[in-house]
Student: 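I'd like to ask you about the structure that follows.
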Amino acid sequence: MELSDALALQVASLRKVYGDVVAVDEVSFEVERGSIFSIIGPNGAGKTTTIECIEGLRQPDGGSILVAGLDPIADRAKFVHKIGVQLQEVGIPPRMKAREALHLFAALYRTSISLSELSDELGLDGILAKPYGSLSGGQKRRVNIALALVGDPEILFLDEPTAGLDPEYRFRFWEYLRRQNARGMTIVATTHYLEEAREYCDAVLLINEGRVVTSGPPERLIAESGLATRAVLPRAALGTVGADSLMGLPGVAQVRSTETAFCLYGDGNVAGNVADYLSERGVTPGIIEARPANLDDIFFLALGNEDPRGGEE
């Protein structure tokens, strides 16, 4: 398999098995060079296993991977100089100061980003002189991100990078990544924060139970879903009207049930149609919250809806 010049990464029919558990099952996707790409999915979907196979940290049981034209395992000596990797856990000795760890990692690469730049951009001032083991979870996460970036990689891999970061540092982190991406760095990340995926990523890959569910630019996935509007109807607002009638309303294409409400998706005036329907049956629905559908909605609906009557589809 040869990699097109337009692609930073190509994964074809990737498969990884642990005993009787198929963690990754025939996953295929491509990442354009110079893009920001996100892998999303629920816990246990296979996100981390997929990215660890791409990083060469796990041996796949099937399929092929090319990163910057290299096989992550067969071309390991060249491969490691092309990438930066942020793991959820890093084996830094507890007594090693954060500054020492960054200097050590920088020395392993041919080029590096200056420590002063990383400190300014990631808010490391006041952390660098402390032993790694004394840092809080959020502080360790920022140091781990800096360790992934310090080698000025061509392709940066991030696994849940903003987990544990407060909103200020999440924003600073993504804005810094945007600037690195503008310089040509390709970024591949897993995340649970879908608003981040929509705001910052050129494309997303949704996987569940080790399989690809859907992929593409966030705005295109939303547009192609045909679910332009979401209306939220509290369960108590239905009164004596049966929940199973909601799917038959004009403009309603999908209904998702939660413990407290029904989320109705469709095109047009979904909230108005629901209110009219209930009013005609003597029920005053009260406030029906309506807003444009977003990536969170595509995520939940793609993974399967709850039946409005309370059963699972």
Side-chain angles (χ1 to χ4, degrees), residues 1-16 22-42 45-76 78-86 148 153-161 174 177-178 180-192 194 196-225 295 298-299 302-303:
M1 183 173 69
E2 293 186 1
L3 196 62
S4 162
D5 290 340
L7 297 179
L9 165 64
Q10 186 175 54
V11 176
S13 302
L14 178 63
R15 183 175 174 84
K16 182 63 182 177
V22 180
V24 180
D25 191 4
E26 301 296 325
V27 166
S28 299
F29 63 96
E30 296 175 343
V31 177
E32 293 184 2
R33 189 177 297 275
S35 67
I36 302 179
F37 186 91
S38 181
I39 303 175
I40 62 176
K47 302 187 299 298
T48 295
T49 298
T50 297
I51 204 167
E52 287 182 350
C53 287
I54 295 168
E55 294 162 348
L57 300 177
R58 295 189 185 275
Q59 174 73 55
D61 294 309
S64 59
I65 301 170
L66 279 181
V67 181
L70 302 172
D71 182 292
I73 294 177
D75 303 316
R76 193 69 180 168
K78 294 180 180 179
F79 176 77
V80 294
H81 288 282
K82 296 279 189 179
I83 68 166
V85 175
Q86 172 262 322
E154 180 179 329
I155 304 173
L156 177 67
F157 293 99
L158 304 165
D159 194 5
E160 301 292 346
W174 277 110
L177 283 193
R178 268 184 165 168
Q180 291 296 330
N181 176 247
R183 292 177 50 240
M185 185 183 293
T186 302
I187 298 162
V188 180
T190 70
T191 184
H192 280 300
L194 300 188
E196 291 182 350
R198 181 176 183 180
E199 175 70 20
Y200 297 104
C201 298
D202 300 297
V204 299
L205 175 79
L206 171 58
I207 62 175
N208 186 40
E209 297 180 346
R211 288 183 171 270
V212 174
V213 177
T214 189
S215 64
E219 298 303 326
R220 193 193 78 197
L221 294 180
I222 295 168
E224 291 179 351
S225 72
L295 193 59
I298 304 304
F299 176 94
L303 298 184

Student: Under a 3.5 Å distance rule, please check whether Arg76 uses its side chain to pair with a backbone N or O of Pro72 as donor and acceptor.
Tutor: yes
Student: Might you work through the side-chain contact (heavy atoms from CB on, under 4.5 Å) test for Ile155 and Leu9, ending with a clear yes or no?
Tutor: CA-CA 9 Å; Ile155 304 173; Leu9 165 64; 5.6 Å; no
Student: If you define the side chain from C-beta out and look only at heavy atoms, does anything of Val31 sit under 4.5 Å from Thr186?
Tutor: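 Heavy-atom side-chain distance check passes, below 4.5 Å.
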Student: Can you check whether Ala189's main-chain N or O pairs, donor with acceptor, with Lys47's side chain at less than 3.5 Å?
Tutor: no
Student: Please give me the minimum heavy-atom distance between Tyr200 and Ile36, naming the atom from each residue.
Tutor: O-CD1, 3.5 Å
Student: Can you find a pair of side-chain heavy atoms, one from Arg58 and one from Cys53, that are under 4.5 Å apart?
Tutor: yes
Student: For a quick test of reading the model, state the closest non-hydrogen atom pair linking Ser13 to Ser28 and the distance between them.
Tutor: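 Closest pair (atom of Ser13, atom of Ser28, distance): N-OG, 2.7 Å.
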Student: Any non-hydrogen side-chain atom of Val67 less than 4.5 Å from a side-chain atom of Phe157?
Tutor: yes
Student: If every non-hydrogen atom of Ser35 is compared with every non-hydrogen atom of Asp202, which pair is closest and at what distance?
Tutor: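 Residues Ser35 and Asp202, closest heavy atoms: CA-OD2, 3.3 Å.
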Student: Can you list the steps and then say if Arg15 with Asp61 is a salt bridge (Lys or Arg N to Asp or Glu O under 4.0 Å)?
Tutor: CA-CA 5 Å; Arg15 183 175 174 84; Asp61 294 309; over 6 Å; no
Student: Tell me the closest heavy-atom pair linking Leu295 and Ala197, and the distance in Å.
Tutor: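 Closest approach of Leu295 to Ala197, heavy atoms only: CD2-CB, 3.9 Å.
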Student: Could you measure the distance from the OG1 atom of Thr48 to the CG atom of Leu57? Nearest 0.5 Å is fine.
Tutor: 11.0 Å
Student: Nearest 0.5 Å, please: how far is CD1 in Ile54 from CG in Leu66?
Tutor: 11.5 Å
Student: Quick one, Phe29 and Val212 - any side-chain contact, counting heavy atoms below 4.5 Å?
Tutor: no
Student: To the nearest 0.5 Å, how far apart are CG in Leu156 and CE in Met185?
Tutor: 6.0 Å
Student: Less than 4.5 Å apart, side chain to side chain, heavy atoms only: is that true for Thr214 and Val204?
Tutor: no
Student: If I compare all heavy atoms of Gly34 with all of Asn181, which pair ends up nearest, and what's the gap?
Tutor: O-ND2, 3.1 Å
Student: Go through the structure and list residues passing side chain to side chain contact (heavy atoms under 4.5 Å, CB included) with Lys82, not counting sequence neighbours.
Tutor: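 Testing Lys82 for side chain to side chain contact (heavy atoms under 4.5 Å, CB included), a comparison that skips the adjacent residues, returns Ala68, Leu70, Glu154.
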Student: Nearest 0.5 angstrom please: Glu55 CD to Ile83 CD1, how far?
Tutor: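 Here the rounded value is 6.0 Å.
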Student: Do the non-hydrogen side-chain atoms of Arg33 and Leu7 ever get within less than 4.5 Å of each other?
Tutor: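 Result no, sub-4.5 Å side-chain heavy-atom pair not found.
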Student: State whether a side-chain donor-acceptor pair under 3.5 Å links Trp174 with Glu199.
Tutor: no
Student: Would you find more than 12 non-hydrogen atoms of other residues, nucleotides or ligands less than 6.0 Å from Glu209 atom CD?
Tutor: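 Not buried by this count: 12 neighbours or fewer within 6.0 Å.
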Student: Hey, are the side chains of Leu177 and Leu158 touching, using non-hydrogen atoms and a 4.5 Å cut-off?
Tutor: yes
Student: With a 3.5 Å distance limit and no angle check, can you tell me whether Glu30 reaches the backbone of Gln10 through a side-chain donor-acceptor pair?
Tutor: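 No, because the side chain of Glu30 does not come within donor-acceptor range (under 3.5 Å) of the backbone of Gln10.
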Student: Using 0.5 Å steps for rounding, measure from the CG atom of Leu206 to the CD1 atom of Ile39.
Tutor: 11.0 Å
Student: Roughly how far, to the nearest 0.5 Å, is the OG atom of Ser38 from the NE2 atom of His192?
Tutor: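 That separation rounds to 10.5 Å.
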Student: Can you name the closest pair of heavy atoms from Gly46 and Val24 and give their distance?
Tutor: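 Closest approach of Gly46 to Val24: O-CG2, 4.0 Å.
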Student: Do Pro218 and Ile298 have side chains that approach each other closer than 4.5 Å (heavy atoms only, starting at C-beta)?
Tutor: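 Of all side-chain heavy-atom pairs linking Ile298 with Pro218, none is under 4.5 Å.
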